[in-house]
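Source: prediction; values computed, not measured. Lettering follows sequence order; numbering is per chain, from 1.
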Amino acid sequence: MKEKKLNLIFILFWLIALLLVPPLFPRYLLHVFIIAHIYAAFALSWDLLAGYVGELSLGHSLFFGLGAYSIGYLSGKFGVDPWLSIGISCIVTVVWGLLIGLPCLRLRGPYLAIVTLAFQMLFFLLANSLYNLTGGEEGIRNIERVFNSTESYYYLSVFLVIIAFIICYLLVSSKYGLIFRTIRENPEAAEAAGVNIVNYKMLGYMVSALIAGLAGSYQALYLKIATPDTLSMALTFSAITIVAIGGKGTLVGAVLGSYVTTFIFDRFAFLKDYKMLMYSIVLVLCVLFFRNGLAGAVKRVLLWRKMGVDNMPGGGKA
Amino acid sequence: MLEVKDLVVYYGKALALEKVSLLVKENEFVALVGPNGAGKTTLLNTISGLLTPAAGEILWNNSKINGIKPSEIVRLGISQCPEGRKLAPEMTVRENLEMGAFVRKDKKKIAEDLEKTFQLFPRLKERHLQLAGTLSGGERQMVAIARSLMSRPRLLMLDEPSLGLAPIIKEKIFEVIREINSTGTTVLLVEQDTQMAFQFADRAYVLETGNIVMHDKPEHLLGQSEFRKAYLGL
């Protein structure tokens, strides 16, 4: 298939470009790239769930925060080896995914969105108020440094985001992707074909939670701090904005969108608290005028001759 | 092959089926007709496991299958082609068909069956890379039937396949259903267009407000003046 080739070419070019960054750009930009990669992995996890399985997760930063705080506790408070902490934090996020997903994914409707949102807000409040346990707004510090150079952190972030992309890509391009999309498009059709919908939704939800948790863990490891910001609603909405800009249900879009937003917002750092306002405006504009995002635009240019514009996903009809 | 015995189904407190019994034999083409709200779709949905009966039993090759999950029923060889097609609009025709073969593992045979299905519906072969949502009503119905066939069912249950189709297309769809039946798939058809259904069916059941009121060969039913008055307006 042509689309498979495009994705392979994308990964290859992306990897080469990323390896060229450290020798060519100033050290400061490496930091922006690392943040972009963490956001990209987080946005990928959101896109996997919303764009393929069709479940909105409005409190997705829950998993990001759980990952970050797991590192904070294990490495910062109890001095566990940071690499081992990452492994444990993955288990923690997956278990929470299981606990929330099991009851919610049996129901059709917005229940998953509501319950993840509720847990995210609860954890956010707890992290802020239980000062003795969580350090309140100060967060948990003293996370052990794992590398001495920013370059090393950069390369690990490249590894993280590429692995996240490949996991998502392999999943959605396999039979599972077909099943996820059928569940999104028409759950009755999936059921009539003999699919046990709940099991597949659970699978998608847990992989998504795992990747979001991994992104959160890495951020804590890199910044050497876990703060309540990692559990904030603003973080979830930045993932949604990134996916909206990049193109929902494309994976590539989550990556492109994350570079664009991170670099643009880096320039607009002086906006401070008005950043949320800017996110919202960009989100509204994208939904109104740019429905398939950057990835949709790129794909349209590359494939329109073969498929015809009317036959593009989401294209042709309003 | 399929035997429904004294089946009772409720929606909450509302009685939908009141002691319905029905028999479908191997390789038969059975039609189930009746007015709106008689319980035809309810009966199919109960057989395919989407609804749980309050009483009675459903026997598949002499073993009880009520209470089994829908996904397991498909594995047993009963496939339902739901009313209103229920396609995945933003997926291609081919992907919709591949989804139909979900319960099967033998890739080679699935590919063979895909070819066979395309022979049955040459129109779909031309359009296999097109998104299902961009097809015409008749073509969508073809995809829906083809998709149910991809699970290699022994019993194909069709729910109103002619709904909203032009008469010419309707006839084409029915001819394909006959062809499917003649190659060894048992068919249980729910249809509002009684005349059309009776041209093709071996036997027919008439369902009215949750009860089977008549069942016989179509030509015998057509011979009864009561039936003709109620269903054909003759």
Atom [atom1] of residue position [X] - does it have more than 12 heavy atoms of other residues, nucleotides or ligands inside 6.0 Å?
{"X": "B:Lys40", "atom1": "NZ", "value": "yes"}
{"X": "A:Phe10", "atom1": "CZ", "value": "yes"}
{"X": "B:Tyr11", "atom1": "OH", "value": "yes"}
{"X": "B:Lys105", "atom1": "NZ", "value": "yes"}
{"X": "A:Tyr176", "atom1": "OH", "value": "no"}

### Query
Which residues in residues 193-211 of chain A have a heavy atom less than 4.5 Å from any heavy atom of chain B?
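Residues of residues 193-211 of chain A touching chain B at under 4.5 Å: A:Ala193, A:Gly194, A:Val195, A:Asn196, A:Tyr200.
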
On a heavy-atom basis, which atom in [X] and which in [Y] lie closest, and how many Å separate them?
{"X": "B:Val74", "Y": "A:Glu191", "result": "CG2-O, 4.4 Å"}
{"X": "B:Leu87", "Y": "A:Asn186", "result": "O-ND2, 2.9 Å"}
{"X": "A:Lys175", "Y": "B:Arg104", "result": "NZ-O, 3.8 Å"}
{"X": "B:Lys86", "Y": "A:Ala189", "result": "O-CB, 3.1 Å"}

#### Entry: Structural part of B:Arg147 lying under 4.5 Å from a heavy atom of chain A
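Side chain only.
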
### Message
Heavy-atom cut-off 4.5 Å, strictly under: side chain, backbone, both or neither for B:Glu98 against chain A?
### Response
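Both parts, backbone and side chain.
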
### Query
After noting the C-alpha distance and the side-chain angles of B:Glu90 and A:Arg181, does the key distance pass the side chain to side chain contact (heavy atoms under 4.5 Å, CB included) rule?
CA-CA 9 Å; B:Glu90 302 241 317; A:Arg181 283 183 297 145; over 6 Å; no

### Task
Could you check which of B:Gln80, B:Met150, B:Met99 has the highest count of heavy-atom pairs closer than 4.5 Å to chain A?
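The answer is B:Met99.
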
### Query
Out of curiosity, A:Glu185 CD to B:Glu95 CD, how far, rounded to the nearest 0.5 Å?
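Going from the CD atom of A:Glu185 to the CD atom of B:Glu95 covers 9.5 Å.
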
